[in-house]
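Read through the structure below, which is laid out as structure tokens, and then see the notes.
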Amino acid sequence: QVQLVESGGGWVQAGGSLRLSCAASGPTFSSYAMGWFHQAPGKERLFVAGIRRSGGSTYYADSVKGRFTISRDNVKNTMYLQMNSLKPEDTAVYYCAASFRAIPTANKYDYNYWGQGTQVTVSS
């Protein structure tokens, strides 16, 4: 089992940047494909980005391509989401998630463990 804790959320003006971190407990972090999701009030939880176990391949929602970068450090048991050129529509709670699958998917039901979330607010 792995426990996930997100950090790095906050308030930022449109066009600004934030870097989210997801710290994982346990020795098996590198066994999981990882993903970032976000959920705005009253909306469903949506895929943002995913990364394979080794970090060799990354995947992005169309809405964040070219603005967000996902990465992971399997020595530090940590995953990151660098968010640049933020827009008001990026405002949401951001969750990290771990999947037993080798390749991350955009389906939230394919993920086995979730963090508690961190709020990101982008003002116009």
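Since this is a predicted model, take the numbers as computed values, not measurements.
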Which other residues belong to the hydrophobic cluster containing [X], where Ile, Leu, Val, Met, Phe, Trp and Tyr are joined when side-chain heavy atoms lie under 4.5 Å apart, directly or via other members?
X	result
W11	none
V75	none
L46	none

Any side chain to side chain donor-acceptor pair (under 3.5 Å) pairs touching residues 71-81, not counting sequence neighbours? R72-N74
[X], [Y]: one ILVMFWY side-chain cluster at the under-4.5 Å cut-off?
X	Y	answer
L81	I51	yes
I103	F37	yes
I70	F29	yes

Is there side-chain contact between [X] and [Y], with at least one heavy-atom pair below 4.5 Å?
X	Y	value
T91	V120	no
R45	W114	yes
M34	R53	no
L20	T118	yes
S31	F100	no

Could you tabulate the donor-acceptor pairs under 3.5 Å formed by side-chain atoms of residues 92-99, not counting sequence neighbours?
{"residue": "Y94", "atom": "OH", "partner": "H38", "partner atom": "ND1", "Å": "3.2"}
{"residue": "Y94", "atom": "OH", "partner": "D90", "partner atom": "O", "Å": "2.6"}
{"residue": "S99", "atom": "OG", "partner": "R101", "partner atom": "N", "Å": "3.0"}
{"residue": "S99", "atom": "OG", "partner": "D110", "partner atom": "O", "Å": "2.8"}

Taking side-chain hydrogen bond (donor to acceptor under 3.5 Å, both in side chains) as the test, write out the residues that go with [X], two or more places apart.
X	value
K65	D62
T58	none
S30	none
Q3	none

Test ring pair (Phe, Tyr, Trp, His ring centres under 6.0 Å) applied to W36 and F68, step by step: CA-CA 11 Å; W36 286 100; F68 291 9; 9.9 Å; no
Salt bridge (charged side-chain N to carboxylate O under 4.0 Å, His left out): pairs with one or both residues in residues 13-39, sequence neighbours excluded: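 Output for this query is empty, none listed.
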Which heavy atom of S17 sits nearest to which heavy atom of S85, and what is that distance?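 So the minimum-distance heavy-atom pair works out to OG-N, 4.4 Å.
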Please determine which of L18, V48, V12, V64 meets the side-chain contact (heavy atoms from CB on, under 4.5 Å) test together with M83.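 The residue from L18, V48, V12, V64 that satisfies side-chain contact (heavy atoms from CB on, under 4.5 Å) with M83 turns out to be L18.
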Would you check if the side chain of E6 reaches a backbone N or O of G117 as a donor-acceptor pair within less than 3.5 Å?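 Judged by distance alone, yes, a pair lies under 3.5 Å.
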I'd like to check the side-chain contact (heavy atoms from CB on, under 4.5 Å) partners of A14; sequence neighbours left out, ordered by chain and number.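 Applying side-chain contact (heavy atoms from CB on, under 4.5 Å) to A14 gives P88, V122.
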Can you sort out the partners of T69 under side-chain contact (heavy atoms from CB on, under 4.5 Å), two or more places apart, ordered by chain and number? Y60, Q82
Can the ring centroids of F47 and Y59 be said to lie less than 6.0 angstrom from one another?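 Distance test on ring centres: not under 6.0 Å, no.
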What distance separates S124 OG from K87 NZ, expressed to the nearest 0.5 Å? 13.5 Å
